[in-house]
Number of protein chains: 2
Amino acid sequence: MAKYESKLDLCFSALGDPTRRVILQRLARGPASVSELAASHDMALPSFMSHLKKLEEAGLVTSDKQGRTRTFALAPDAFAPVDDWLSEQRRIWEGRLDQLDEYVATLMKDRKT
Amino acid sequence: MAKYESKLDLCFSALGDPTRRVILQRLARGPASVSELAASHDMALPSFMSHLKKLEEAGLVTSDKQGRTRTFALAPDAFAPVDDWLSEQRRIWEGRLDQLDEYVATLMKDRKT
DNA sequence: CTCATACTTAGCCATATTCCTAAGTAATGC
DNA sequence: GCATTACTTAGGAATATGGCTAAGTATGAG
């Protein structure tokens, strides 16, 4: 498995964890270093880092290392893939009423015995 | 683990799988039975059913069994939790500029030697 | 140079996820 | 009633995930 994971898979999966959503909410307020971010999470640093790594792989955050400090920030247009997918979903949903009309038309046609 | 998973965890995790997103897109066009949904997926039925189960647990779809046929439909307000979280995130993001102003103000204050 | 800080890497363990096959149940059709 | 259809349940295998500790690297401070 794990052959190819789309950005969408990575985004949604990354968002599926409360620790990672909290990190994102913190980063929405502005950039922060690893230790700043980790401070409020009762978790060993390597475990915490793996969450940051997932967020970065999903394209939700970016990071930059200066000296020994790595600073994370919310990625520009972080949620674009998610927003796009949801919009598409809504678009289909709204087209549904048309299909209902069509279905009713089919029923009527069947009735013309 | 798996002590307590919020609706948001379940929603996002459910959306993190391409098979499940395809199911949702199909259901956006209207309700369908298990076999109708499964037809286009090259997967054993029990495996496929487990995806449907996850979608239902996440509150994204509903199902109803009539006779031997179970029909699935997109849940009303299926994406409300997701939309809400994203809105909240945007709200914080937009507040960020104010915080930047505040930060600049702090810098100015420090400079008043 | 030495020590502390701030990550980073390596590797292990437990549980969860995602697939499978085989067999079971319950409704429908003949 | 008996076969078929449409799920459903049970259980197993492979991989992924999320946590840990221990040890390593690299930068900044003194």
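Numbers restart at 1 for each chain; the letters A, B, ... are given by sequence-line order, proteins then strands. Predicted, not measured: the structure shown is a model, and the values here were computed from it.
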Just jot down the salt bridge (Lys or Arg N to Asp or Glu O under 4.0 Å) partners of B/E88, sequence neighbours excluded, or say none.
-> B/R91

Would you kindly give the CE-to-C1' distance between A/M49 and C/dA6, to the nearest whole Å?
-> 9 Å

Identify, between A/D17 and B/T71, the residue whose nearest nucleotide on DNA chain D lies closer to the 5' end.
-> B/T71

Measure the distance from NE2 on A/H41 to P on D/dC20 and round it to the nearest whole Å.
-> 13 Å

Starting at atom CD of A/E57, determine the distance to atom P of D/dG18, rounded to an integer number of angstrom.
-> 11 Å

Respond yes when some side-chain nitrogen or oxygen of A/S50 is under 4.0 Å from OP1 or OP2 of D/dG18, and no when none is.
-> no

Please list, for nucleotides 22-24 of chain D, all pairs of protein and nucleotide N/O atoms separated by less than 3.5 Å.
none

Identify, residue by residue, the members of residues 19-28 of chain A with a heavy atom below 4.0 Å from DNA chain C, and return them in order of residue number, or none.
-> none

Sequence neighbours excluded, the answer for side-chain hydrogen bond (donor to acceptor under 3.5 Å, both in side chains) partners of A/D84 is none

Below 3.5 Å is the cut-off: list the nitrogen or oxygen pairs between protein and nucleotides 25-27 of chain C, distance only.
from   : atom 1 : to    : atom 2 : distance (Å)
C/dA27 : N3     : B/R68 : NH1    : 3.3

Do any side-chain nitrogens or oxygens of B/S47 fall under 4.0 Å of OP1 or OP2 in C/dC20?
-> yes

Whole-Å distance separating the CZ atom of A/F48 from the P atom of C/dA6 | 15 Å

Please, which pairs that meet ring pair (Phe, Tyr, Trp, His ring centres under 6.0 Å) have at least one residue in residues 13-33 of chain B, sequence neighbours excluded?
-> none

Quick one: is A/H51 getting a side-chain N or O under 4.0 Å of the D/dT17 phosphate, OP1 or OP2?
-> no

Can you give me every donor-acceptor pair (side chain of residues 67-83 of chain B, partner residue at least two apart or in another chain, under 3.5 Å) with its distance?
from  : atom 1 : to    : atom 2 : distance (Å)
B/R70 : NH1    : B/S63 : OG     : 2.8
B/D83 : OD2    : A/R90 : NH1    : 3.1

Phosphate oxygens OP1/OP2 of C/dT18: is one of them under 4.0 Å from a side-chain N or O of B/K54?
-> yes

Mind checking what makes salt bridge (Lys or Arg N to Asp or Glu O under 4.0 Å) contact with A/E36, not counting sequence neighbours?
-> none

Just distance, no hydrogens or angles: give the donor-acceptor pairs under 3.5 Å from side chains in residues 40-51 of chain A, sequence neighbours left out.
from  : atom 1 : to    : atom 2 : distance (Å)
A/S50 : OG     : A/S47 : O      : 2.7
A/H51 : ND1    : A/R20 : NH1    : 3.1

